[in-house]
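Just so we're clear, the structure is a prediction, and the values are computed from it rather than from any experiment. Each ligand, and each atom within it, is numbered from 1 in the order the structure gives.
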Amino acid sequence: MRRLRHNSRIRRLIREQSLTANDFIFPLFIHAGEGIKEPVSSMPGQFQYSLDQLSSVLDELVSLGVLGVMLFGIPAEKDPQGRDAYSEQGIIAQAIRFIKGKTPSLLVISDVCFCEYTDHGHCGIVNEKTGHLDVDNDATLPLLAEQAICHARAGADMVAPSGMMDGMVAAIRQGLDASAFQHIPILSYAVKYASAFYGPFREAAGFSLEFGSRETYQMDPANGEQALREAQMDINEGADMLMVKPGLAYLDTLFRLKQAFPGVPLSIYQVSGEYAMIKGACQQGWLDEKAVVLESLTAMKRAGANFIITYFAKDVCQWLMEEKG
Ligand code: PBG
């Protein structure tokens, strides 16, 4: 047997993975208020947008063929319960209605979590009575269901609970089904690691933790097998698809899930810190941006991702278009 070294046509013929515009979801940060298009300094090229500034990026996404967006809200006001997240007049409900009205073809996935909406920055409500300041898992569940229903009512095509609360998928499924949203799928952030790669997201989504840490509910980066249990639980609770997050450092986890649950659609989130790392090096001229982005994303598909949430979604779709000519 000879290795196929040189012939680029043969290489293309036997290539196992290729990227298409259908593979990508673009995260969008929506800021309450008006006239805001605020650059995120630790994520060059990314912005927080108020709704009145959103049209041009929506048009751009559609014309590039990007399939959908994942929405994060920065509300005008935060409180201990994160009420804005499940209010009809909240920033995300408004954003979903706006996007679905303007660009109905764009798939809208809403992040269902509380960290951007609570004044303490945790992913759920905090039980002050017990004295130990930690998230109250069970008290958060009905509010997550309420949030998902609110987003579905506004027109979300899919909800993505990201808070890693136990029982969140079941609670949201029940809530959606009881409100005539049986058809809305749940993309669960089943395997979300307590990662330092979320650093720039704190600036982008405008929040910080006032106390404690997320290590009580996010997964230890040292663990791989635990991911299988987390995934199994979410599948049992009715998750339609799963996500692994962050991306590049956790491809082994994604691969494990693909082997263990071959029929379950999987996604991976190339997070803010991964974006910042690539952008930072490329701005110095130390790496070739297009090459490293395409290589990283192809590796994610090779590891088992059906789709990828990435801040590079627009760039990749642009490059794919240019290659087609
Ligand atoms: C939680 C959430 C986070 C991210 C997505 N959803 C932050 C966290 O869990 O601390 C991070 C995404 C990124 O870093 O790009 N709602």
Give every donor-acceptor pair under 3.5 Å between a side-chain atom in residues 32-39 and any protein atom, sequence neighbours left out.
none

- Message: I'd like to check the salt bridge (Lys or Arg N to Asp or Glu O under 4.0 Å) partners of Lys102; sequence neighbours left out, ordered by chain and number.
- Response: Asp59
- Query: Less than 4.0 Å between a side-chain N and a carboxylate O, is that true for Arg173 and Asp234?
  - Reply: no
- Message: If the criterion is any heavy atom closer than 4.0 Å to an atom of ligand 1, which residues make the list?
- Response: Phe72, Asp111, Cys113, Cys115, Glu116, Ser162, Lys192, Tyr198, Phe201, Arg202, Arg214, Gln218, Lys245, Tyr269, Val271, Ser272, Tyr311
- Is there a donor-acceptor pair closer than 3.5 Å between any side-chain N or O of Ser179 and the backbone N or O of Phe181? no
- Donor-acceptor pair between Ser195 and Tyr250 side chains, under 3.5 angstrom: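 No, no side-chain donor-acceptor pair sits under 3.5 Å.
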- Task: Supply the members, apart from Phe26, of the Ile/Leu/Val/Met/Phe/Trp/Tyr cluster built from side-chain contacts under 4.5 Å; use none for a lone residue.
- Result: Leu28, Ile30, Phe47, Tyr49, Leu51, Leu54, Val57, Leu58, Leu61, Val62, Leu64, Val66, Val69, Leu71, Ile91, Ile92, Ile96, Phe98, Ile99, Leu106, Val108, Tyr117, Met321
